[in-house]
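Data block below; observations after.
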Amino acid sequence: MNVSVQYQIRGESSNLISASIEDGIRGGRLRAGERLPTVRALAAKLDVSPTTVAAAYNALRVRGLVHGSGRRGTVVNRRPPLLTRATLQAPPAGLRNLAEGGPDPLMLPRLKPYLGRLEGIQGKYGDAENRDALIKLAARQFKSDGIAADSIAVVSGALDGIERVLQAHLRPGDIVAVEDPSYTGVLDLVAALALVAQPVGIDDSGPIAADLKRALKLGAKAFIVTPRAQNPSGAALDRKRAAELKHVLAGFPDVVLIEDDHAGPVSGAPAITLSGGRALWATVRSVSKSLGPDLRVSVMAGDALTVARVQGRQSLGPRWVSHILQDLVAMMWADSATPTLLQKAADTYANRRRALIEALARHGIEARGRSGLNVWIPVAEEAGVVNAMAAKGWAIRAGECYRIKSAPGIRVTVSTLTVEDARRLASDLAEALRPRSRAQSA
Ligand SMILES: Cc1ncc(COP(=O)(O)O)c(C=O)c1O
């Protein structure tokens, strides 16, 4: 239900009015679902013309902060794309941080040996945007995973790649099919681009085909799928699900398929693609989880048009991804020691997921985590559990920021979680859930 707003909106120009509303949202005084005053009411209150207020509301709408208009009213979005969420969710100091979703620093290659091997010559304007060595290595990887590698771009991480593909093909107001639950960054990005997220339910094998069909029938112009290491659920596509999804997608040939392979070789699941035979597609493979978040290079395979549009737009802004980063990634990929290192990381994460899931099962708690760095635990009431766990020294994530319509849960990042930690965490969680279940059964 929408609640009418109590917050005092101020300003005598459209810019100041929209800034005042944005300020209210950022500070949490204007909350998701709250209804802004009608254009006429606010204009009368602020003594400005209705056109001024309408312009302010429109600016907020285009930026994804509010939705609706006219008689339906203007309502604060559930996920306004502001920089507040991460800050609000930053775990208090002193807690064991299992909330971040990142890799174990000990599982990443050491940088120093590679830095010493950089040529040390400053790059210059006019150098080729992409390093040949990186593109060749990327093409080899993509090909061996059954992904066409005729056109490859280099971008700054998975999220950057996703944004560039969305910008290349979609316009504000377009619908995007997204997994539900889904990575916060993707949901925020979709809102920030003033696109409309259409949820697609998932299970351990990835998106559910019937749900995808429903979303595409509603007019979705793009579909963002995480083939493995789905965040937060750990889902990974299997061959059967991939075939079902491809069958659905075949009925919608214009839909842009975006594959978010953010964890790549450390996912603990094979690379499976839906891209074969599609007209508009991109598979974005990031090194953030496998080689380190600060390297933040992604290689993107795609159809010629999509890759050309991405590169064309990129050439007007960042121009290229730093050649220093490209060289480092190429060196790491070419190093004969790297496959062993990545396999060790993938195995370690798999063991850590398994340790937690099994420890939880011993307490009768169901959890999911087929691949990736996280385990998802369904709970009835997220905030209470997160607070109870914080009191016991654990920082974990409430699932709310990942969900659209899906059921509540909590996310535990297991990348650094030892077997001993997993046992303690499971026992603490069992205790945190106990009074709640008694109350429920009462
Ligand atoms: C599903 C998913 N996609 C993308 C990203 C971001 O990747 P990158 O750092 O390469 O932008 C993350 C980060 O955790 C993620 O979980």
Side-chain angles (χ1 to χ4, degrees), residues 85-86 89 97-105 107-108 134 138 153-167 176-190 192 197 199-200 202 206-207 222-237 257-269 271-272 282-301 310 314 318 321-322 325-326 328-329 332 345 349 353 368-376 396-397 399 401-404 406 411-416:
R85 221 124 45 83
Q89 290 221 356
N97 190 348
L98 305 177
E100 269 181 357
D104 181 349
M107 293 290 136
L108 302 173
L134 183 70
V154 180
V155 293
S156 297
L159 206 53
D160 182 48
I162 295 168
E163 169 163 16
R164 291 182 180 285
V165 178
L166 289 171
Q167 297 262 38
V176 186
V178 295
E179 297 157 327
D180 182 18
S182 200
Y183 170 48
T184 340
V186 163
L187 296 175
D188 284 347
L189 177 64
V190 165
V200 175
I202 57 171
F223 171 41
I224 306 174
V225 60
T226 318
R228 48 186 173 170
Q230 205 274 350
N231 181 6
S233 76
L237 292 178
L257 170 73
I258 305 176
E259 295 182 323
D260 174 5
D261 192 14
H262 71 111
V266 298
S267 301
I272 292 184
T283 302
V284 191
R285 180 167 294 171
S286 177
V287 305
S288 295
K289 306 298 184 307
S290 55
L291 303 182
D294 203 28
L295 292 177
R296 188 157 257 114
V297 171
S298 276
V299 285
M300 178 201 285
V310 164
Q314 192 183 27
V321 173
S322 166
L325 296 183
Q326 294 195 42
L328 285 170
V329 171
M332 289 178 182
Y349 296 146
R353 288 193 311 273
R368 296 163 63 180
R370 184 162 163 177
S371 64
L373 308 185
N374 302 295
V375 163
W376 176 256
I396 55 175
R397 274 272 159 110
C401 60
Y402 306 99
R403 300 189 288 107
I404 302 175
S406 55
R411 191 195 76 168
V412 178
T413 300
V414 297
S415 51
T416 61

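Counting starts at 1 for both ligands and their atoms, following the listed order. It should be emphasised that the depicted structure is a prediction, and the values quoted were computed from it without experimental measurement.
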Pairwise side-chain contact, V414 with L98, heavy-atom cut-off 4.5 Å (strictly under): no

Geometric class of the Y402/W376 ring pair [parallel <30°, tilted 30-60°, perpendicular >60°]: perpendicular

Atom-level proximity to ligand 1, residues with heavy atom under 4.0 Å: G157, A158, L159, Y183, N231, D260, H262, S286, S288, K289, R296

Sole candidate of D160, V154, V310 that passes side-chain contact (heavy atoms from CB on, under 4.5 Å) when paired with M300: V310

Intermediate values then yes/no, side chain to side chain contact (heavy atoms under 4.5 Å, CB included), L328 and L291: CA-CA 10 Å; L328 285 170; L291 303 182; over 6 Å; no

With sequence neighbours excluded, residues passing salt bridge (charged side-chain N to carboxylate O under 4.0 Å, His left out) with R228: D261

Any side-chain heavy-atom pair of V155 and Q314 under 4.5 Å: yes

